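Step one of this worksheet: look at the structure below.
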Amino acid sequence: MCELLGMSANVPTDICFSFGGLIRRGGATGPHRDGWGITFYEGKGARTFLEPKAASSSDIARLVEQYPIKSKTVIAHVRRANCGPVALENTHPFTRELWGENWTFAHNGQLKGVKKKRLSYYRPVGTTDSEHAFCWILDGLRRRNPRGSKHTADSFLKNALDELNELGICNVLLTNGKKLYAYCSTEICFITRQAPFGEAVLVDKDWQVDFKKETSRKDVVTIIATRPLTSNEHWDVLFPGELKVFCDGRPKKASPP
């Protein structure tokens, strides 16, 4: 199994603190040593770092941890391979273009038989069940709305992810840089930080931050993770089959069909 990390914020924010906890789970405090990746959105662009090795021993991961890249939307992943060999092309997150936007996907779990689902426009580069599922989702979105109008994707994504969840375990983070979707199959949690800010202590690393000194009163930041990253804060837990949508740092109700 793998571990996920996401961030949605109302102002460009760095994810150094949370990412510092995640990469420790990538081969040090956790067994997820088969690759790591992170995607930051900057306007319409997306900046991605990927490596098919343990994050906890990666110089590149440490660089990302220490360099405060500012973003409103981030998805990260540490991998424990169960489908597809350890290779760069099998390293999450995966990114594709749809409707003139960069869509990014990361998955935790196994989807038995997902490769029987036919693909049309999008094709996997690697051999994971996760990337095949991502391509299938994007194919469905493209068929539903080929001209890329502002018609909502929320209801389609809920139905598609429910269908994938019937094949096994389907914990997913997905974003177009604006909305960040979190789907829970077995475990995903989140915390929304806003004024009055307090201190946070990482579970996996000796690191404590006083967010009151790092933020303004208008800042709103939500962190999504497979398991809580801090030991002294309350994390909300998604229930199995729940799709949560985040935008500008706040949880939103999914738009109706």
Side-chain angles (χ1 to χ4, degrees), residues 2 4-9 12 37-50 71-77 79 84 88-109 111 114-165 167 170-185 188 222 224 243-249 251-257:
C2 309
L4 305 169
L5 171 65
M7 183 184 77
S8 173
I38 187 168
T39 296
F40 301 86
Y41 280 79
E42 300 176 33
K44 292 188 69 176
R47 183 196 305 249
T48 299
F49 299 86
L50 299 169
S71 177
K72 292 177 67 176
T73 308
V74 178
I75 287 181
H77 181 275
R79 184 182 184 222
L88 184 61
E89 65 268 23
N90 290 333
T91 305
H92 308 221
F94 305 104
T95 300
R96 297 287 195 283
E97 180 275 333
L98 172 65
W99 304 331
E101 299 173 323
N102 288 301
W103 286 72
T104 298
F105 175 94
H107 167 235
N108 163 22
L111 301 172
V114 71
K115 293 183 181 181
K116 295 179 182 178
K117 291 186 176 295
R118 295 181 61 183
L119 303 177
S120 53
Y121 183 82
Y122 293 95
R123 290 286 190 273
V125 176
T127 58
T128 64
D129 53 354
S130 305
E131 190 182 13
H132 191 101
F134 180 38
C135 291
W136 178 77
I137 289 171
L138 292 185
D139 270 348
L141 285 169
R142 185 183 177 94
R143 283 195 304 273
R144 173 173 174 156
N145 187 16
R147 296 185 180 180
S149 70
K150 297 300 182 182
H151 187 76
T152 179
D154 295 9
S155 58
F156 170 82
L157 289 174
K158 177 64 168 70
N159 292 334
L161 291 165
D162 282 343
E163 185 173 336
L164 291 173
N165 195 35
L167 302 179
C170 186
N171 300 301
V172 163
L173 293 181
L174 173 69
T175 186
N176 64 349
K178 299 170 186 174
K179 287 185 175 181
L180 175 55
Y181 299 90
Y183 182 85
C184 178
S185 176
I188 286 187
T222 291
I224 306 108
L243 176 68
K244 202 80 171 178
V245 186
F246 302 89
C247 185
D248 289 330
K252 304 287 184 182
K253 289 184 178 180
S255 301

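Position 1 is the first residue of the sequence, and the numbers go up from there. Quick caveat, the model's predicted, so the values are computed rather than measured.
K44 contributes no side-chain N or O that, together with a main-chain N or O of G177, makes up a donor-acceptor pair within less than 3.5 Å. A donor-acceptor pair is defined here as one N or O able to donate and one able to accept, closer than 3.5 Å; no such pair exists between the side chain of N171 and the backbone of G109. Side-chain atoms of N108 come within 3.5 Å of backbone atoms of C2 as a donor-acceptor pair (strictly under, hydrogens ignored). Between the side chain of W99 and the backbone N or O of N145, at least one donor-acceptor pair lies under 3.5 Å.
Looking only at side-chain heavy atoms (C-beta outward), S71 and P12 stay at 4.5 Å or farther from each other. With contacts defined as side-chain heavy-atom distances shorter than 4.5 Å, the pair L174/T104 does not qualify. With a 4.5 Å cut-off on side-chain heavy atoms, S120 and R143 count as touching. Counting heavy atoms from C-beta on, the side chains of Y122 and I137 never come closer than 4.5 Å. Within the 4.5 Å cutoff, the side chain of I224 has no heavy atoms near those of the K244 side chain. Side-chain contact between T73 and K178: absent, with no pair of heavy atoms (C-beta onward) separated by less than 4.5 Å. Counting heavy atoms from C-beta on, the side chains of L180 and C247 never come closer than 4.5 Å. Side-chain contact between V172 and S130 is absent, with no heavy-atom pair separated by less than 4.5 Å.
Ring geometry, F40 versus F49: the interplanar angle exceeds 60°, so the pair is classed perpendicular (tilted spans 30 to 60°).
Across all non-hydrogen atoms, the minimal contact from A182 to I188 is CB-CG2, 4.5 Å. Heavy-atom minimum distance, Y121 versus R142: CE1-NH2, 3.3 Å. Taking every heavy atom of both residues into account, S185 and N165 meet most closely at OG-OD1, 2.5 Å. The shortest heavy-atom contact between T91 and G37 is CG2-N, 4.5 Å.
Atoms NE2 and NE2, on H132 and H107 in that order, are 13.0 Å from each other to the nearest 0.5 Å. For the atom pair NZ (K179) and OH (Y181), the distance works out to 4.0 Å, reported to the nearest 0.5 Å. In this structure, NZ on K252 lies 8.5 Å from OG on S8, to the nearest 0.5 angstrom. To the nearest 0.5 Å, atoms CG (D139) and CZ (R144) are separated by 15.0 Å. A distance of 12.5 Å separates CE of M7 from CG of L173, quoted to the nearest 0.5 Å. To the nearest 0.5 angstrom, L119 atom CG is 6.0 Å from C135 atom SG.
Contacts of D162 classified as side chain to side chain donor-acceptor pair (under 3.5 Å), with partners at least two apart in sequence or in another chain: K158, Y183. Remark: E42 pairs with R47 by the salt bridge (charged side-chain N to carboxylate O under 4.0 Å, His left out) rule, at least two apart or across chains. Take E163 and apply the side chain to side chain donor-acceptor pair (under 3.5 Å) test, not counting sequence neighbours, and it matches K117. Partners of D248 under the salt bridge (charged side-chain N to carboxylate O under 4.0 Å, His left out) rule, at least two apart in sequence or in another chain, are K72. Residues passing the ring-ring contact (aromatic ring centres under 6.0 Å, His included) test with H77 are H92, sequence neighbours excluded.
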Item checked: Derivation of the side chain to side chain contact (heavy atoms under 4.5 Å, CB included) call for F105 and L138 -> CA-CA 10 Å; F105 175 94; L138 292 185; over 6 Å; no
Inset, instruction - Take T95 and N102 through the test side chain to side chain donor-acceptor pair (under 3.5 Å) and record every step on the way to the result. - result: CA-CA 6 Å; T95 300; N102 288 301; over 6 Å; no
message: Is there a side chain to side chain contact (heavy atoms under 4.5 Å, CB included) between F156 and L141? Walk through the geometry before answering.
response: CA-CA 7 Å; F156 170 82; L141 285 169; 3.4 Å; yes
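Side-chain contact of N90 with T128: a donor-acceptor pair under 3.5 Å is absent, judged by distance alone. A side-chain donor from one of T48 and T39 sits under 3.5 Å from a side-chain acceptor of the other. For N176 and Y41, the side-chain atoms include no donor-acceptor pair closer than 3.5 Å.
Screening residues 123-138 for salt bridge (Lys or Arg N to Asp or Glu O under 4.0 Å), with sequence neighbours left out, gives R96-E131.
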